[in-house]
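First comes the structure, then the notes that go with it.
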Amino acid sequence: MNNLAIARVLAEIGDLLEIKNENPFKIRAYRNAAETIVHLGTQVAEMTGAERLAIPGVGKDLAGKLGELVETGTVRYHQELLAEFPPTILDLLHLQGVGPKTVSLFYSGLGIRTLDELRQAAGEGRLRALKGMGAKKEALILKALDERQRVAGRRLLAEAHDAAATLVAALRGHAPEASITAVGSLRRGCETCGDIDILAAGAPAAIMEAFTNYQLVERILARGSTKSSVLIWGGFQADLRVVPRESLGAALQYFTGSKAHNIALRDRAIQRGFKLNEYGLYRLDDESLVAGDSEEAIYAALGLQWIPPELRENRGEIAAAEHGTLPRLIALGDLRGDLHMHTTETDGRADAATMASAARHAGREYIAITDHSKALAMANGLDETRALEHARRIRDLNGRIEGITILAGIECDIRADGSMDLADECLAALDIVIASVHGAFHQDEQTMTERILAAIANPHVDVIAHPTGRLILKREGYRVNTARIFAAAAAAGVALEINSQVDRLDLDDTLARAARDRGVKLIIDSDAHSPAALGNLRWGALTARRAWLEPGDVLNTLPVADFRAALRRNRR
DNA sequence: GCCGTTTTCGGCCCGACTGTTTTCAGTCG
């Protein structure tokens with residue numbers, strides 16, 4: 001049972017307890033633990049009882065339940081709760097505007113258990129008979145049911161970024177003197193975003209009208225003087241918050257979050273005799289303002305270094321900021337090389353010279369052309385003869401484009417049995433070899449792990465690309481024992497990739513941090529199949545920042561000569 | 001249910017908006 005599955009059970013217990021109207025702090029305890037476990041670098045299943053007890057937010061009771069879950073695959077407490085309610089009731093909880101109290105009311109009052117039953121009851125006007133319900137609420141629920149499919153769920157960071165950039169630009173046109181910024185999960189660089197949060201500080205009241213009248217607005221969910229919410233076409237919810245100019249820092253802090261980071265910060269404020277909200281940091285005794293116009297001042301007043309948004313997840317950043325030990329985070333500009341990209345020789349859209357020029361233009365000093373190997377027949381993958389011929393042409397090209405070094409590489413398939421798709425003599429003749437899994441995804445964990453370990457054991461392999469094979473919001477990664485992969489990669493000097501494709505980001509932030517902590521070096525690559533996609537490197541850099549990585553953790557921050565010397569094939 | 005340089009008991013983050021209300025509960029972020 002992996003951490004994701006464990007967290008789901010804990011979160012579902014939280015949902016069920018909420019419908020039962022249980023103690024809210026007990027509910028929070030289950031949700032906190034679930035959130036922490038999702039982002040744990042280690043599998044709970046492989047921990048000892050004492051190690052589980054050391055997880056923040058896990059006490060004696062939850063440690064026991066984790067043990068039960070890992071050993072039996074289920075928890076009695078969870079099953080008992082599920083016996084009290086039909087499991088389909090949890091679907092109702094995910095409707096816009098419907099929370100646990102309402103779900104409980106529907107169930108106890110009308111026996112509603114499913115979305116279909118709810119739709120029917122609302123359509124027949126039966127909901128308004130319930131206490132606190134009226135015709136308007138009924139109509140809202142019907143709308144929420146219709147929008148469920150389209151709006152449900154989260155979207156890729158890159159999509160959210162594009163939608164937000166357009167919206168922010170439009171708002172700035174209406175209030176050029178105001179400070180207008182995208183905040184929330186977007187500013188933290190989360191791999192997916194549930195909505196778009198925008199903050200306007202020092203903007204005229206009319207900005208709210210500009211927002212709700214924005215041409216792409218499909219429906220207005222809420223409209224007030226300081227806060228409005230809309231649905232925009234394409235399925236995003238967008239929220240705008242307006243605060244006075246002097247509250248810019250407090251509001252940036254407050255709306256950037258995350259929830260867990262904010263709760264910890266406000267708790268810290270209380271302990272020090274302050275109150276923190278979106279308008280400022282105030283003394284509890286006389287309500288006087290301590291800080292508010294800048295984030296730096298607020299963190300400083302709480303005895304902390306300013307914390308980069310990407311770290312604000314309550315994963316140790318507050319303690320580090322207190323001790324002045326925050327990392328010097330890597331930035332996109334630190335990346336001198338991009339070692340994974342494709343050309344028209346296989347499934348890319350441009351030739352090597354075009355890719356090299358574009359990479360140079362994007363600020364890179366060196367690249368590697370790494371087309372596919374023959375196992376990917378669909379992509380016109382290279383056999384040994386073509387791979388060596390392609391390499392010869394790339395080396396001819398090297399030196400002809402000012403300011404960029406071009407290495408001849410390959411993205412070689414790791415076959416189902418763990419052998420490499422190309423002969424060792426071919427791999428040995430190249431400048432860099434990236435190895436990756438592109439087929440037989442459904443092997444069991446043992447087989448998949450041995451398969452990748454076999455690739456790491458091949459002395460010609462320098463990098464493992466997209467090590468888990470996940471596609472965000474589409475496909476979970478293959479089952480693999482990452483702890484063993486990290487140990488082997490660290491020992492062999494094989495680098496692991498953070499693949500920057502918008503729907504890969506693989507390794508993710510949690511695993512990249514865990515890998516670094518186990519002594520693995522990382523490489524951040526675009527895996528571009530076109531010149532434009534070279535720009536995806538920014539998402540990989542963002543992921544690395546969320547993983548707490550410093551430039552020294554990432555090989556392609558090195559100048560080209562040092563980079564080559566650091567590759568496994570050239571190390572002694 | 002968790003947690004402790006004030007605490008092993010008594011706390012646990014904060015505010016805006018909506019709908020159905022005669023002062024507030026529920027939802028959301």
Side-chain angles (χ1 to χ4, degrees), chain A residues 10 13-14 17-19 21-36 52-66 77 92-106 127-141 143-144 183-186 188 193-199 208 212 220-230 237-243 247 250-251 253-282 284 302-303 314 322:
Chain A
L10 296 183
I13 291 176
L17 290 176
E18 197 163 27
I19 293 172
N21 198 21
E22 268 273 6
N23 174 1
F25 300 107
K26 179 171 169 178
I27 296 164
R28 185 191 295 173
Y30 276 96
R31 291 186 174 156
N32 280 346
E35 183 69 17
T36 304
R52 283 176 201 146
L53 206 50
I55 300 172
V58 172
K60 214 171 154 192
D61 184 279
L62 279 178
K65 290 197 171 77
L66 289 179
Y77 186 54
L92 307 182
L93 207 49
H94 299 127
L95 286 174
Q96 168 87 39
V98 175
K101 294 290 195 299
T102 312
V103 169
S104 169
L105 185 67
F106 288 158
L127 296 184
R128 64 187 76 177
L130 296 167
K131 188 170 170 353
M133 288 285 145
K136 237 174 167 173
K137 198 94 189 173
E138 216 165 53
L140 281 177
I141 282 171
K143 265 190 180 151
V183 287
S185 50
L186 202 49
R188 298 201 308 281
C193 296
D195 56 15
I196 294 170
D197 296 308
I198 294 173
L199 172 68
M208 216 40 117
T212 51
I220 299 168
L221 296 173
R223 174 167 34 192
S225 60
T226 67
K227 175 183 175 177
S228 293
S229 298
V230 300
Q237 179 177 328
D239 296 339
L240 175 66
R241 286 296 300 255
V242 178
V243 299
S247 295
Q253 195 291 310
Y254 187 97
F255 295 115
T256 299
S258 67
K259 192 171 185 171
H261 175 87
N262 280 359
I263 287 175
L265 213 61
R266 278 174 230 147
D267 190 45
R268 184 179 175 90
I270 289 169
Q271 284 170 17
R272 290 164 182 250
F274 300 127
K275 181 178 81 163
L276 179 62
N277 61 27
E278 61 264 58
Y279 301 108
L281 182 70
Y282 302 89
L284 276 178
L302 295 172
N314 200 23
E322 178 170 6

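Every heavy atom of this structure was used, including side-chain atoms; hydrogens, water molecules and symmetry mates were not. Lettering follows sequence order; numbering is per chain, from 1.
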In whole Å, I'd like the distance from the [atom1] atom of [X] to the [atom2] atom of [N].
X: A/Asn277; N: B/dA16; atom1: CG; atom2: P; value: 8 Å
X: A/Phe25; N: B/dC9; atom1: CZ; atom2: P; value: 19 Å
X: A/Lys275; N: B/dG15; atom1: NZ; atom2: P; value: 4 Å
X: A/Tyr30; N: B/dC2; atom1: OH; atom2: C1'; value: 11 Å
X: A/Lys101; N: B/dC24; atom1: NZ; atom2: P; value: 17 Å
X: A/Leu130; N: B/dT21; atom1: CG; atom2: P; value: 12 Å
X: A/Glu278; N: B/dC28; atom1: CD; atom2: C1'; value: 13 Å

Could you tell me whether the phosphate oxygens of [N], OP1 or OP2, come under 4.0 Å of any side-chain nitrogen or oxygen in [X]?
X: A/Lys26; N: B/dG1; result: yes
X: A/Thr226; N: B/dC17; result: yes
X: A/Lys259; N: B/dC28; result: no
X: A/Gln237; N: B/dG29; result: yes

Reckon A/Leu276 touches a base, only the sugar-phosphate, or nothing at all at heavy-atom distances under 4.0 Å?
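A/Leu276: backbone/sugar contact only, no base atoms under 4.0 Å.
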Please classify the nucleic acid contact of A/Arg28 as base, sugar-phosphate, or nothing, using heavy-atom distances under 4.0 Å.
base
Determine the Euclidean distance between corresponding [atom1] atoms of [M] and [N]; express it in Å to zero decimal places.
N: B/dA16; M: B/dC12; atom1: C1'; result: 22 Å
N: B/dT18; M: B/dT23; atom1: C1'; result: 15 Å
N: B/dG26; M: B/dT20; atom1: C1'; result: 11 Å

> B/dG29 base to A/Asp195 side chain: any donor-acceptor pair below 3.5 Å?
Replying inline: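 By the distance-only test, no, there is no pair.
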Could you tell me if the side chain of A/Val183 sits less than 4.5 Å from the side chain of A/Tyr254, heavy atoms only?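 No - every pair of side-chain heavy atoms lies 4.5 Å or more apart.
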Partner lookup for B/dC24, please. Criteria are Watson-Crick or G-U wobble with both distances under 3.5 angstrom; report none if nothing qualifies.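 For B/dC24, the partner nucleotide comes out as B/dG19, under the 3.5 Å rule.
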